[in-house]
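Working notes, beginning with the structure itself.
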Amino acid sequence: MAGISSEECGVGRSTDVISSGQRCQSGEALAERRSSEQVENGTPSTSPPYWDSDDSDDTGTEPFELYGNYTWKIEKFSQINKRELRSNAFEVGGYKWYILIYPQGCDVCNHLSLFLCVANHDKLLPGWSHFAQFTIAVVNKDPKKSKYSGWLVRWWFSCNGVFEFAMFCLNTENAKICRYIASVWKKEHDWGWKKFMELSKVLDGFIDADTLIIEAQVQVIRERADRLFCCLDCLYRRERVRVYLTNVEQICRRFVEEKRGKLGKLIEDKARWSSFCGFWLGIDQNARRRMSREKMDSILKVVGKHFFIEKEVTSTLVMDSLYSGLKALEGQTKSKKGRAKLLDAEEMPAPIVCVEEDMFVLVDDVLLLLERAALEPLPPKDEKGPQNRTKDGGPGEDFNKDSINQDERRLTELGRRTVEIFVLAHIFSNKIEVSYQEAVTSKRQELICDEEAEVTQM
């Protein structure tokens, strides 16, 4: 669908597009929009360590450099007689975008249709690809009533002339996740909602002085296949936490419980556990040390592949949780004081894994760690999650710093525990258990050979 420029209509006025990096310098972005107590310029962050920074990737970009928000004010909205309106192009993450609306609906009646579009898609070379998470809002005079929806999207132009994209939508008004997969022709360079909201509701506080305000937040994602990576700008992540914390907790808990269950079955099988203990105690200390460590890169690649599923809108927050948890482990290893930086000392459980240069190392005897991992309970669930503390996930609502701090600390601890269990399970199944099975097989062969020798002598 071809959009027309807002300048042609004479009613559209685009305002600022502000990246997170610019926001940190100016302190102006989102100041009016967010009626919250989030900490910005000049005030120390209440977040746990490692949430607000990331190691630069090969291109030198960090999440806050790939994030931006854009405000579009459409004046004289009641006088619009055009089918389509298009904002000015704005740049986020090195890509150009624009917002497209249909005031009377696109192929539907009595709805406002709203789309985010690639601005220069017709000038990009075949094979181009963008990957981003974004949120679009129609702003109400009462911020608590603003209408928000968001997607995690990968779209690209294939060489056969087909423009393909996968879309995953969370509508925070009804908390239902909708999945769409489509293949369309090149001219379809936009994606969004044909029924973003009913026109009758637009008049209920969304029009102020005959002006409609639309805001977009865009977070471009740069994946890393070789390590865990931070996906989201700090403020954008906090807004996602309020929507997805329960989902992320379920993902981490499900994984940890699955691994704990397998280890529990090993321990419950008295004969097998006794056999394994005999094997482990029978090998020399040097062999134990060699089998109790593994290169970080080799494990982190597997972690990333397991948890970063681009078709799942929660993947970015899961990855941020694991990244923060990994950094917490590294901080614990470097200094005992690192424990106090993340959580109070009495709250921090004894570690299972430590980091030594480029290696993951099990901190204690494998038998003790396996029993701990199988039997030690997980932290209790947060029964009063963000979804219960607020009506919906809109970023315009009030929420206090203590709540933000609590949620991010919880995600860091979930990430730390998940990384530890992943490392322990990986080292055990890929090194220790393999050696154990080889020893069992060798012992069986020896017994068979002995029996054959006895038969021959008879």
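Any value given below was found using the heavy atoms of this structure, including those in side chains, with hydrogens, waters and symmetry copies removed.
Arg416 has a carboxylate O that lies under 4.0 Å from a charged side-chain N of Glu413, or vice versa, which qualifies the two as a salt bridge. Using a 4.0 Å cut-off between charged side-chain N and carboxylate O, Arg254 and Glu257 make no salt bridge. The residues Glu420 and Arg417 are annotated as not salt-bridged, no charged nitrogen and carboxylate oxygen being separated by less than 4.0 angstrom. With salt bridges taken as basic N to acidic carboxylate O contacts below 4.0 Å, none links Glu294 and Lys301.
Among all heavy-atom pairs drawn from Leu329 and Val353, the shortest one is CD2-O, 3.7 Å. What you find for Ser429 and Glu433 is that their closest heavy atoms are CA-OE1, 3.8 Å. When all heavy atoms are compared, the tightest approach of Pro63 to Cys230 is CG-O, 3.1 Å. In terms of heavy-atom proximity, Ala216 sits nearest to Ile99 at CB-CD1, 4.0 Å. Between Gly68 and Val92, the shortest heavy-atom contact is N-CG1, 3.4 Å. Residues Ile432 and Trp280 come closest through the heavy atom pair CG2-CZ3, 3.9 Å.
Annotation: side chain of Glu239 is not in contact with side chain of Val243 (no heavy-atom distance under 4.5 Å). Put simply, the side chain of Ser275 reaches to within 4.5 Å of the side chain of Tyr436, judged on heavy atoms. With contacts defined as side-chain heavy-atom distances shorter than 4.5 Å, the pair Lys194/Phe115 qualifies. In this structure the side chain of Phe276 never reaches within 4.5 angstrom of the side chain of Arg272, judged on heavy atoms. The shortest distance between side-chain heavy atoms of Glu371 and Leu367 does not fall below 4.5 Å. You'll find the side chain of Asp365 reaches within 4.5 Å of the side chain of Arg288, heavy atoms only. In this structure, the side chains of Leu411 and Ser324 stay at 4.5 Å or more apart for every pair of heavy atoms. With a 4.5 Å cut-off on side-chain heavy atoms, Ile136 and Tyr148 do not count as touching.
Side-chain contact of Tyr244 with Thr316: a donor-acceptor pair under 3.5 Å is absent, judged by distance alone.
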(request) Could you go through the side chain to side chain contact (heavy atoms under 4.5 Å, CB included) check for Val318 and Phe308 one step at a time? (result) CA-CA 8 Å; Val318 171; Phe308 192 76; over 6 Å; no
(request) Output, in order, the C-alpha distance, side-chain angles, deciding distance and verdict of side chain to side chain contact (heavy atoms under 4.5 Å, CB included) for Val366 and Met291. (result) CA-CA 10 Å; Val366 166; Met291 284 190 283; over 6 Å; no
(request) Please test Met319 against Tyr323 for side chain to side chain contact (heavy atoms under 4.5 Å, CB included), starting from the C-alpha separation and ending with a verdict. (result) CA-CA 6 Å; Met319 191 60 67; Tyr323 173 84; 5.6 Å; no
(request) Could you give me the CA-CA distance, side-chain angles and deciding distance for Leu326 and Leu300, then say whether side chain to side chain contact (heavy atoms under 4.5 Å, CB included) is met? (result) CA-CA 10 Å; Leu326 173 63; Leu300 293 181; 4.0 Å; yes
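To the nearest 0.5 Å, atom OG1 of residue Thr135 and atom CG of residue Asn69 are 11.0 Å apart. In this structure, CE on Met359 lies 8.5 Å from CD on Glu356, to the nearest 0.5 angstrom. Atom-to-atom distance recorded for Glu62:CD and Cys234:SG is 11.0 Å, nearest 0.5 angstrom. Taken to the nearest 0.5 Å, the CG atom of Leu447 stands 5.5 Å off from the NZ atom of Lys443. Between atom CD of residue Glu312 and atom CD1 of residue Ile251 there is a gap of 7.0 Å, rounded to the nearest 0.5 Å. Distance check, rounded to the nearest 0.5 Å: CZ of Arg260 to CZ of Arg253 gives 9.5 Å.
Side chain of Asp320 to main chain of Leu232: a donor-acceptor pair is present (N/O by atom type, distance under 3.5 Å, no hydrogens or angles). In this structure a side-chain-to-backbone donor-acceptor pair under 3.5 Å is missing from Thr314 to Val248. Glu408 contributes no side-chain N or O that, together with a main-chain N or O of Arg238, makes up a donor-acceptor pair within less than 3.5 Å. Within the 3.5 Å criterion, the main-chain N or O of Phe360 finds no donor-acceptor partner in the side chain of Arg293.
Under the side chain to side chain donor-acceptor pair (under 3.5 Å) rule, Tyr67 has a single partner from Gln217, Gln219, Arg237, Gln133, which is Gln217.
For Glu438, the side chain to side chain contact (heavy atoms under 4.5 Å, CB included) partners at least two apart in sequence or on another chain are Val434. Considering only residues two or more places apart in sequence or on other chains, Arg372 meets the side chain to side chain contact (heavy atoms under 4.5 Å, CB included) condition with Ala350, Ile352, Leu369, Glu376. Annotation: side chain to side chain contact (heavy atoms under 4.5 Å, CB included) contacts of Glu357 (sequence neighbours excluded): none.
Ring orientation note: the planes of Phe422 and Phe255 are close to parallel, at an angle under 30° on the 30°/60° scale. Between Trp193 and Phe196, the ring planes lie perpendicular to each other; the angle is over 60°, past the 30° to 60° tilted range. Relative orientation of the Trp97 and Tyr95 rings is perpendicular, given thresholds of 30° and 60° on the angle between their planes.
For Lys431, the NZ atom counts as densely surrounded, since its 6.0 Å shell holds more than 12 non-hydrogen atoms of other residues, nucleotides or ligands.
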